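Everything numeric in this text was worked out from a predicted model, so none of it was measured. Per chain, numbering begins at 1; letters A, B, ... match sequence-line order.
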Amino acid sequence: MTIIESPSLAPGYADPVHDAQRVFRALLAALAEPGLPRALPVHVDAAHAAGVSPALAAVLLALLDSDTGIAWQASAAARDWLRFHSGARFVPETQADFVVVDGADARVELARFAQGSDEAPERSATLLWTLPALIGGTRRQWRGPGIAGTRSVALPLPGAFWSQWASNHRRFPQGVDVIFIAPDAVLGLPRSIAVIEEAG
Amino acid sequence: MTASPAQETAAVERAARQRWLAVLAHADAAELAGLAAPQPLPEYQWLRRPEVGMLMLRGRVGGSGAPFNLAEVTVTRCTLRSADGHIGSGQVLGRDKQHATWIARLDAALQDSARREALLQAVVEPLARQQAARRDEASRAAAASRVEFFTLVRGA
């Protein structure tokens, strides 16, 4: 059965050109000022029919095309939906350009994904990490390019993630970057950012 | 290995669909609109609105069959789901979004066995006959200008 016959095939962006540009702008801003939540200007509500959350769908359609590889534990309907609209290839997570991480899944090892090389650090994985919210966790101080001084961020992530992050940060210029996706906003964490636990 | 009845039916279906998609894509846009507009076609929801893009057409080298890039062409495509659940796709050379839309709507309706016969008779067959007639005319005109060469062999 080809994709075109998939009964649950759902629409993508309502306005492909402008929606893609608006979402990409929000993602650029999120990575340029790490730790600062950016409102997601577009939600693909129709993607619900394929089992994809509207916020994740909006980000996927902005970032993926036939040249990118994605690793995503998704249902067949969601895979068909993504392949139809973007042409993206599903690849193993060690080779993927983009890796979708479900916020509830705590057992993620950052070192498993593509880290890039010294000559081509950009050939690394970008994690698309879905979370129920961008606040509510333990407060930590973020420091690095794009932040004047430090910025206080309270992502709801376990401590184990932050020890992995410290190793990832030390691997600079290699390493992975993360884009956190909540239902209404996105937040960027590039590998250049050091995250320190708040004292006291 | 002989195909199962189900596989044969699917192959026949596919061939029929390829044929009507080809006829609709080769049709003149105005003629197609004229034939399709009076037809009762179901309501539809867009999956991919008509968009214009580029495709690389590939050919095969005469002798070896090795593929090569023939030309980059402009193609307009769209996909929709009709009210009875069939997914129709329209693809046509050029930038005519309305032409692609008619193809997709007809493709979805033709997949419905209840509507197929009537639509084939009313829209697809007239266009197919016109296209065949035009091909014959072009062949005849080309044949009329054909030059026969004769080679004379001298001496022994």
Review point. Is the side chain of B/R81 donor-acceptor paired with the backbone N or O of A/L9 at a distance under 3.5 Å, no angle test?
Key: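 Answer holds: yes.
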Could you check whether atom [atom1] of [X] has more than 12 heavy atoms from other residues, nucleotides or ligands sitting under 6.0 Å from it?
{"X": "B/R134", "atom1": "CZ", "value": "yes"}
{"X": "B/E43", "atom1": "CD", "value": "no"}
{"X": "A/I196", "atom1": "CD1", "value": "yes"}
{"X": "A/E122", "atom1": "CD", "value": "yes"}

Check your understanding: What part of A/A46 gets closer than 4.5 Å to chain B, counting heavy atoms only: side chain, backbone, both or neither?
Key ->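 Neither part.
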Practice item. Measure the CG-CZ distance between B/L47 and A/F84 for me, rounded to the nearest 0.5 Å. Key: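 Answer rounded to 0.5 Å: 5.5 Å.
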Check your understanding: Which region of B/Q45, side chain (C-beta onward) or backbone (N, CA, C, O), has a non-hydrogen atom less than 4.5 Å from a non-hydrogen atom of chain A, or is it both or neither?
Key ->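 Side chain of B/Q45 only, per the 4.5 Å heavy-atom cut-off to chain A.
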